[in-house]
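Worksheet: the structure to be examined is printed underneath.
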Amino acid sequence: MMLRVCVIAVSILATALALDNGLALTPPMGWLAWERYRCIVDCVAYPDDCISEQLFRRTADLLVSEGYADVGYEYVIIDDCWLALERDSDGRLQPDPQRFPSGIKALADYVHSRGLKFGIYEDFGTYTCAGYPGVVGHMQTDAQTFADWEVDYVKLDGCWSKPEDMDTGYPLFGQYLNQTGRPMVYSCSWPVYQEFAGIEPDFESLKENCNLWRNYVDIDDSWEEVEIIMDYFAERQDRIADHAGPGHWNDPDMLIIGNYGLSYDQSKVQMAIWAILAAPLLISTELRDIKPEYKAILQNKDILAVNQDALGIQGHRINSSAGIEIWTRPISPLLGDKYSYAVAFVSHRIDGYPYLISVNLAEIGLTSAQGYNFQDLYDPESPPEILKPDSILSIRVNPSGVVFYRATIITAL
Ligand SMILES: *[C@@H]1O[C@H](CO)[C@@H](O)[C@H](O)[C@H]1NC(C)=O
Ligand SMILES: *[C@@H]1O[C@H](CO)[C@@H](O)[C@H](O)[C@H]1NC(C)=O
């Protein structure tokens, strides 16, 4: 009898570690409509920009034809404003008939036919943030509707609901998703609503129930927003960072690279820090218009490899001094108990010249005696350098820019 109790306790403990749907073992990559396209529903004034099946079909095509799919961007995700204002006569969700005349199943089929995966948005509340029907009172039906439509990814927002109800409500919707038998990535917005209400989110429960979760504000199109989000994750890293891992990620929100707000250097910073943070990489830009140098940032394979590192360890900001920050992330391969690292030097300075920084490797945690092979990830043509723990690395960082290295541990003598 005792033994049986123990076995059950152990198995509960094991399943309590993380959501076991086999998905998002590395941070999800794809395209999400919100930051760039918001809730544009006027297809007469904005025929190319409105939230419509045409926008998502076009984006699926571009993800493939422009090489994004080849480097790992796979989810095409609708955000708010796809719904009709009323459910159908059977109480099921239905899309806006003018903007999605073929229906969501046909759109999912189209996305799948391009070799991609399809994501959708709903809200744990009476309404979505923009005022369309929410899932409350219809959770089982809506989860089944998504499965019937062959959805692969569900973002569940938290407007028009009580933050204190989310501890039970979000897991319940997740159970309904699970009961459909269709694996769907589950993106939760519950921590951000609780943090703003002064409630400390239960990260253990988040890991058990969600594949990713939004910790903080919606990103807007500016460098200030990127800085605010970086500060949020750095200042709370002792409480937040260790909850990330294969199948369960902190989400600092979309990539705004390719839009109006970031310079070329600032775009490199966002990409580097999102890789350090093991963040989901959800592009929100017009892929038709993006300039080649911004596209190259989004498709930088070495940086994507840092983001997708199989260990799934989220990095930290390890120093911030005089407007210069140093961020590191442990990555593979290992030598004994010592890691390789991604290392980012970020400048928030505005005095207009590349600022010189010199650091001793051991002081930033790189202590393997045989040293590290340093490769500048934004200058892949530059020859790699071998540096030892007592080496001094001297570099110059552009104003609101970054220098980003992979420091691969040397494993053979
Ligand atoms: C449902 O949950 C069980 C138990 O965690 C898991 O083994 C299974 O893969 C899940 N199924 C889906 C479709 O998510
Ligand atoms: C951060 O860097 C500055 C400048 O190099 C140095 O003086 C300081 O000791 C560092 N602080 C920490 C906590 O490592």
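We count ligands from 1, going down the list as the structure has it; atoms in each ligand are counted the same way.
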Please check if any side-chain donor atom of D80 sits under 3.5 Å from a side-chain acceptor atom of T128, or the reverse.
-> yes
Strictly by modelled atom types, are D238 and H316 linked by a side-chain donor-acceptor pair under 3.5 Å?
-> no
Return yes if a side-chain donor-acceptor contact under 3.5 Å exists between N211 and N21, otherwise no.
-> yes
By number and element, which atoms of ligand 1 are closer than 4.0 Å to a non-hydrogen atom of G181?
-> 13 (C)
Does any N or O atom in D20 lie less than 3.5 angstrom from one in ligand 1, N or O only?
-> yes
Among I364, I357, I324, I326, the one residue meeting side chain to side chain contact (heavy atoms under 4.5 Å, CB included) with N319 | I326
N21 heavy atoms, cut-off 4.0 Å: which ligand 1 atoms fall inside?
-> 14 (O)
Output yes when the distance from some N or O of ligand 1 to some N or O of R182 is under 3.5 Å, and no in every other case.
-> no
